[in-house]
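Worksheet: the structure to be examined is printed underneath.
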Amino acid sequence: MATKITTALVIGGGLAGPVTAMALQQAGIEATVYEAYEGTAEGVGAALGLAPNGLAALDVIGVGDLVRRLGDPMNAIVLQSWNGRRLAEIGSPGTLEPTRLVMRSDLYRALYGEARRRGIRIEHGKRLTGVEEGEGTVTAGFADGTTATGELLVGADGIRSTVRTLIDPAAPQPRYAGLQGFGAVSAEAGLVPDTGGKMFMTFGKRAFFGLQVIGGNAVWFVNLPHPEPLTQAEAVSRGAVRWLEVLAEACADDRTPALDLIRRTDPAELLMTGPMENMPRVPHWSRGRMVLTGDAAHAPSSSSGQGASLAIESSVELARCLRDLTLPQALDRYQELRRPRVEQIIKQAERTNSNKAAGPVGRVLRDALMPVAMKLMNQEKLSRPLRHRIDWDEPAI
């Protein structure tokens with residue numbers, strides 16, 4: 001007779017890993033996190049937005065308020081053209097709390113620390129190399145020669161997931177969106193007008209620029225069109241000084257604070273966040289005693305504003321399904337609940353990226369049509385992804 005699982009191995013110790021382990025623990029499943037890198041990821045990464053739906057999912061496992069204390073509200077996103085013309089303003093509906101802008105390193109530290117406080121074991125230097133399934137068990141093999149055995153292996157190992165390839169060797173690889181990411185946090189926010197709790201995003205002539213002033217700091221980013229994807233290591237090898245020159249040139253004609261902020265940025269403070277990518281449709285989220293969550297299963301481009309929030313939702317939903325159902329049923333139900341939602345958001349982010357990389361003709365058409373399109377858009381439909389809530393007390397069956 002099939003039974004529910006009681007132990008799990010979580011592969012990946014980034015953001016999704018600790019959340020998955022805490023959600024599984026709440027569902028009565030003992031989880032251990034295995035992270036490939038020897039050290040923690042403190043100080044790594046730029047800012048990210050946690051949407052109301054992501055914060056609500058964190059509330060389910062009791063860490064929502066912990067995360068709220070880390071960030072600042074993003075009350076609206078103001079879209080502009082290169083010449084400062086306002087194209088649209090998108091705010092959170094009055095019944096929803098605003099998105100929180102959080103530094104990834106702060107979020108990581110908080111989630112990692114809370115998982116440890118709850119007694120969850122996190123082991124470092126455990127790079128997954130293979131998996132063997134037995135009768136009612138799955139065993140992970142690591143590059144250091146050690147192994148670990150549980151009843152389920154969860155791939156929370158990001159967009160370049162090893163677990164995804166083990167589930168399906170023919171699984172698609174990340175798809176480049178034609179943009180490289182850069183950013184910084186400048187303490188010279190007094191040089192730019194206060195943004196009043198809003199994120200200003202500009203479709204520049206040659207790059208996309210975002211800015212929000214938070215706690216006396218100017219948090220800014222640039223999405224730079226680039227013909228081929230560069231890994232973070234490749235971007236770093238070209239040197240921050242050179243990239244700052246490229247970014248300054250790309251933003252020189254735009255009527256934004258970008259050029260001044262870029263010129264004042266210490267090369268040592270420039271964040272290179274790598275290529276902007278998303279995942280094509282992943283046909284198989286699970287096989288046997290392996291399953292994917294977060295970016296390993298569904299990675300929308302950062303343009304969606306939903307990457308972290310969707311990963312958190314999926315981790316919580318997976319735990320709820322495993323709590324209520326036997327393993328095969330749980331994995332089927334999990335995918336049934338999550339796939340339509342995440343694929344719709346990924347598709348919308350792809351349209352946003354095409355706008356960011358528009359050429360001269362496309363730019364004119366975008367700037368002319370966007371204000372009209374935003375006025376005609378159904379605001380209730382626009383806010384629907386933000387209203388998604390997981391009812392933990394409702395059976396997943």
Side-chain angles (χ1 to χ4, degrees), residues 4-12 14-31 33 50-64 67 111 114-115 118 120 150-159 161 163-164 167 279 281-287 289-300 304-346 384-397:
K4 298 171 187 174
I5 70 162
T6 59
T7 61
L9 316 175
V10 178
I11 306 300
L15 299 180
V19 170
T20 302
M22 286 187 280
L24 289 171
Q25 183 188 64
Q26 186 166 300
I29 298 166
E30 181 184 353
V33 178
L50 277 175
N53 51 290
L55 291 165
L58 288 174
D59 284 334
V60 170
I61 58 171
V63 295
V67 171
L111 295 175
E114 181 62 15
R118 296 184 184 192
I120 292 169
E151 295 167 275
L152 176 68
L153 184 143
V154 182
D157 50 345
I159 195 168
S161 170
V163 179
R164 184 174 63 237
I167 288 174
M279 279 302 302
R281 187 179 193 274
V282 175
H284 305 289
W285 286 14
S286 65
R287 178 173 65 82
R289 291 182 173 271
M290 295 185 287
V291 65
L292 302 173
T293 190
D295 284 356
H298 51 73
S304 70
Q306 283 282 351
S309 294
L310 290 182
I312 293 163
E313 283 182 1
S314 288
S315 296
V316 173
E317 198 70 273
L318 174 62
R320 188 172 74 101
C321 291
L322 290 166
R323 176 198 66 188
D324 296 339
L325 300 163
T326 60
L327 186 59
Q329 295 172 323
L331 300 186
D332 288 344
R333 180 59 173 153
Y334 160 64
Q335 190 169 171
E336 178 185 359
L337 289 170
R338 295 302 297 160
R339 188 183 281 279
R341 171 169 169 76
V342 300
E343 290 184 353
Q344 181 182 30
I345 291 172
I346 288 171
R384 197 172 298 158
L386 306 177
R387 297 183 183 278
H388 184 81
R389 296 294 181 271
I390 297 171
D391 188 346
W392 181 260
D393 297 326
E394 181 73 16
I397 55 178

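Not a single salt bridge (charged side-chain N to carboxylate O under 4.0 Å, His left out) links Arg287 to another residue, sequence neighbours left out. Shown here are the side-chain hydrogen bond (donor to acceptor under 3.5 Å, both in side chains) partners of Glu313, two or more places apart in sequence or in another chain: Asn53, Arg338, Arg341. Residues meeting the salt bridge (charged side-chain N to carboxylate O under 4.0 Å, His left out) test with Arg333, sequence neighbours left out: Glu336. For Glu30, the side-chain hydrogen bond (donor to acceptor under 3.5 Å, both in side chains) test picks out no residue, with sequence neighbours left out. Contacts of Arg339 classified as side-chain hydrogen bond (donor to acceptor under 3.5 Å, both in side chains), with partners at least two apart in sequence or in another chain: Gln335, Glu343. Remark: Ala115 engages Pro18, Met22, Ile120, Ile122 in a side-chain contact (heavy atoms from CB on, under 4.5 Å) (not counting sequence neighbours). Here Asp393 pairs with Asp391 under the side-chain contact (heavy atoms from CB on, under 4.5 Å) rule; sequence neighbours left out. With sequence neighbours excluded, the residues forming a side-chain hydrogen bond (donor to acceptor under 3.5 Å, both in side chains) with Arg118 are Glu114, listed by chain and number.
Among pairs with a residue in residues 316-330, those fulfilling salt bridge (Lys or Arg N to Asp or Glu O under 4.0 Å) read Glu317-Arg320, at least two apart in sequence or across chains. Sorted by first and then second residue, the ring-ring contact (aromatic ring centres under 6.0 Å, His included) pairs with a member in residues 307-336 read Trp285-Tyr334; sequence neighbours excluded. Judged as a salt bridge (Lys or Arg N to Asp or Glu O under 4.0 Å), the pairs with a partner in residues 52-62 (not counting sequence neighbours) are, in order, Asp59-Arg68. Applying the side chain to side chain donor-acceptor pair (under 3.5 Å) test to pairs two or more places apart or on separate chains, those with a residue in residues 15-26 are Thr20-Ser315.
Across all their heavy atoms, Leu50 and Ala308 have their closest contact at CD2-CB, 3.9 Å. The shortest non-hydrogen separation linking Val10 to Ala156 is CG1-CB, 4.1 Å. Nearest approach of Asp157 to Ser161, heavy atoms of both residues: OD1-OG, 2.6 Å. In terms of heavy atoms, Pro385 sits closest to Ile345 at CB-CD1, 4.2 Å. Contact record, Ala396 with Cys321: CB-CA, 3.8 Å, taken as the closest heavy-atom pair. Closest heavy-atom contact between Leu24 and Ala8: CD1-CB, 3.9 Å.
Atom CG in Asp332 sits 9.5 Å away from atom OG1 in Thr326 (nearest 0.5 Å). One distance of note links CD1 of Ile11 with CG of Leu153; it measures 4.5 Å at 0.5 Å rounding. Taking CD1 of Ile167 as the start and CE of Met290 as the end, the distance is 5.0 Å to the nearest 0.5 Å. Rounded to the nearest 0.5 Å, atoms CG (Leu325) and NZ (Lys4) are 7.0 Å apart. The CD1 atom of Ile390 sits 7.5 Å away from the OG atom of Ser314 when rounded to the nearest 0.5 Å. Expressed to the nearest 0.5 Å, how far CD of Gln344 lies from CZ of Arg384 amounts to 8.0 Å.
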- Task: Decide side chain to side chain contact (heavy atoms under 4.5 Å, CB included) for Val282 and His298; before the verdict, give the C-alpha distance in whole Å, the side-chain angles of both, and the deciding distance to 0.1 Å.
- Result: CA-CA 7 Å; Val282 175; His298 51 73; over 6 Å; no
- Message: Is there a side chain to side chain contact (heavy atoms under 4.5 Å, CB included) between Leu58 and Val19? Walk through the geometry before answering.
- Response: CA-CA 8 Å; Leu58 288 174; Val19 170; 4.3 Å; yes
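Between the side chain of Thr7 and the backbone N or O of Glu151, at least one donor-acceptor pair lies under 3.5 Å. Although no hydrogens or angles enter the test, the distance criterion places a donor-acceptor pair under 3.5 Å between the side chain of Ser309 and the main chain of Ala51.
With contacts defined as side-chain heavy-atom distances shorter than 4.5 Å, the pair Leu322/Leu327 qualifies.
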